[in-house]
Amino acid sequence: MTGPLTGVRVLELAGIGPGPFAAMLLADLGADVVRVDRPEPGPLAAGDPRTDLLNRGKRSIVVDLKDPAGPGRVLDLAAKADIVVEGWRPGVAERLGVGPDAALNRNPALVYGRMTGWGQDGPLAQTAGHDVDYIALAGALHPIGAAAGPPQIPLNLVGDFGGGSLYLVVGCLAALHVARTTGVGQVVDAAIVDGTAHLTTMFAGFLATGAWRPQRGRNLLDGGAPFYAVYATADGGHMAVGALEPQFYAELLRLLGLDADPDLPAQHDVKGWPVLRERLTAVFATRTRAEWTAVFDGTDACVSPVLSLAEAAGHPHLVARGTFEVHNGIVQPAAAPRFSQTPGAIGGLPPVPGQHTDDVLKDWLGGP
């Protein structure tokens, strides 16, 4: 492995979604990630495990935690780890004998990262939920969507991976810094509701100053402003417009041929926004997405084509940066962020459960 986390050992207790993504990110950055899989696949497992990209760069060992010897094997590995990642409901790890108290007793400098939706405590801690529930309760779902429609689900990017995985990684690395400085480990309680709420900090400031309307689709960054919105093109495609600053807005109008229109409302005339949106909608509908892409390419109008997941990998800018790579015939995002001296990289293929049992026992525990 290469990357800034080379030499860091991470033990992942197999779960779904944000926990695996957090461990994948650590693996992309060079950590030796060992995933403890169950003897039988979980209820959401389907298809070839080698296509589960959230497990790329990891090694897998199978341990039956219901077997009397299972918890001891996991604690043996935790004793050699720097970080443990666990994403079960509160209390499950404890009942299985691999909770933070047992692990820290074996390894006082261990960072024990816990990934949940609701957190380790609180009235909802033991309640089932998914991304959409967490972002709904945290206030992040309500502002997303058109003014005349219901809130729109932003995939599971805001909750699971944004408010969940990334906060778990930040927390674990911060705690690892403390552990390496003081020799004292700790538990990191990463709750998706906490992280998602934290992501809305800027909007909390807007609310406090009255700069944010509670109605969806009426604000500067929620599609309410016609100069920060998405428009349909003649061929059914879409263009994203983000011309917030006056100089970028002026460039937008120039390239749309609207800069000389004396009847066009001023950019920040909120009462005139419906008219401005109507004019922009009409102009964008006169050309195809490809034609508008050519018009705005290389300009400062802050206008971009809305690409599908499949199309994004072929965009010239992303190709030039190597933002996507092909591994085992699968196009997938490359490691991020970039490092000048210790670059991360996509590691090995997602493993079959138990594929590396012998290797892990030898490397971590000195087995035969």
Side-chain angles (χ1 to χ4, degrees), residues 53 143-149 152-155 157-158 161-162 202 216-270 272-327 329-338 343 346:
L53 298 184
I144 301 174
Q152 296 296 305
I153 299 173
L155 301 180
L157 300 177
V158 173
F161 299 146
M202 182 176 74
R216 185 168 43 259
R218 294 284 189 270
N219 297 282
L220 188 65
L221 299 178
D222 64 357
F227 47 87
Y228 198 87
V230 176
Y231 293 94
T233 58
D235 59 344
H238 293 86
M239 300 296 290
V241 177
L244 292 173
E245 292 80 1
Q247 67 273 28
F248 303 151
Y249 179 69
E251 182 73 347
L252 168 69
L253 296 185
R254 183 184 72 81
L255 293 170
L256 290 176
L258 296 173
D259 53 323
D261 187 342
D263 298 323
L264 202 67
Q267 179 181 6
H268 293 288
D269 176 9
V270 176
W273 278 3
V275 173
L276 181 56
R277 184 181 300 277
E278 181 179 335
R279 297 298 306 278
L280 292 178
T281 298
V283 174
F284 273 108
T286 63
R287 299 189 189 183
T288 66
R289 189 186 72 173
E291 289 172 331
W292 282 122
T293 298
V295 168
F296 289 104
D297 185 43
T299 74
D300 280 346
C302 301
V303 179
S304 303
V306 177
L307 303 181
S308 69
L309 290 172
E311 291 174 318
H315 188 276
H317 179 78
L318 304 185
V319 170
R321 283 187 57 81
T323 301
F324 291 87
E325 298 179 4
V326 179
H327 286 259
I330 299 176
V331 178
Q332 54 194 280
R338 313 288 177 93
I346 295 176

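The first residue of the sequence shown is numbered 1, and numbering continues consecutively from there.
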Looking only at heavy atoms, what is the nearest atom pair of [X] and [Y], with distance?
| X | Y | result |
| --- | --- | --- |
| P265 | G272 | CG-O, 3.5 Å |
| G217 | A147 | O-CB, 3.9 Å |
| A334 | I346 | CA-CD1, 4.1 Å |
| A232 | H238 | CA-CD2, 3.7 Å |
| A229 | P226 | CB-O, 4.0 Å |

Nearest-0.5 Å distance that lies between atom [atom1] in [X] and atom [atom2] in [Y]:
| X | Y | atom1 | atom2 | result |
| --- | --- | --- | --- | --- |
| L244 | L221 | CG | CG | 6.0 Å |
| Q152 | R216 | CD | CZ | 8.5 Å |
| L220 | F227 | CG | CZ | 5.5 Å |
| Y231 | T233 | OH | OG1 | 13.5 Å |
| T299 | L255 | OG1 | CG | 5.0 Å |
| L318 | T323 | CG | OG1 | 4.5 Å |

- [ ] Decide side-chain contact (heavy atoms from CB on, under 4.5 Å) for V230 and V241; before the verdict, give the C-alpha distance in whole Å, the side-chain angles of both, and the deciding distance to 0.1 Å.
- [x] CA-CA 6 Å; V230 176; V241 177; over 6 Å; no

Find out whether [X] and [Y] are in side-chain contact, i.e. whether some heavy atom of one side chain is under 4.5 Å from a heavy atom of the other.
| X | Y | answer |
| --- | --- | --- |
| Y228 | N219 | no |
| L307 | H315 | yes |
| W292 | L256 | yes |
| L252 | F296 | yes |
| M239 | R289 | yes |
| T281 | E278 | no |
| F324 | V319 | no |
| L258 | L280 | yes |

TODO: May I ask you to check whether H268 and Y249 place their ring centres under 6.0 Å from each other?
DONE: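 So the answer is no for these two rings.
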
Task: Ion pair check, D261 and R279, cut-off under 4.0 Å - done: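 Looking at D261 and R279, the cut-off is met.
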
Task: Main-chain N/O of Q267 paired to W273 side chain as donor or acceptor, under 3.5 Å - done: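 At least one qualifying donor-acceptor pair exists.
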
Task: Flag, side chain of E311 to backbone of S308, donor-acceptor distance under 3.5 Å - done: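 Yes; judged by distance alone, with no hydrogens or angles, the pair exists.
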
Open item on the list: So for atom CD1, which belongs to I153, do other residues, nucleotides or ligands contribute more than 12 heavy atoms lying within a distance under 6.0 Å?
Closed with: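 It does not: I153 CD1 has 12 such atoms or fewer within range.
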
- [ ] Could you walk me through whether V295 and R287 pass the side-chain contact (heavy atoms from CB on, under 4.5 Å) test, one step at a time?
- [x] CA-CA 10 Å; V295 168; R287 299 189 189 183; 3.0 Å; yes

Task: Pair I144-D222, side-chain contact (heavy atoms from CB on, under 4.5 Å): steps then yes or no - done: CA-CA 6 Å; I144 301 174; D222 64 357; over 6 Å; no

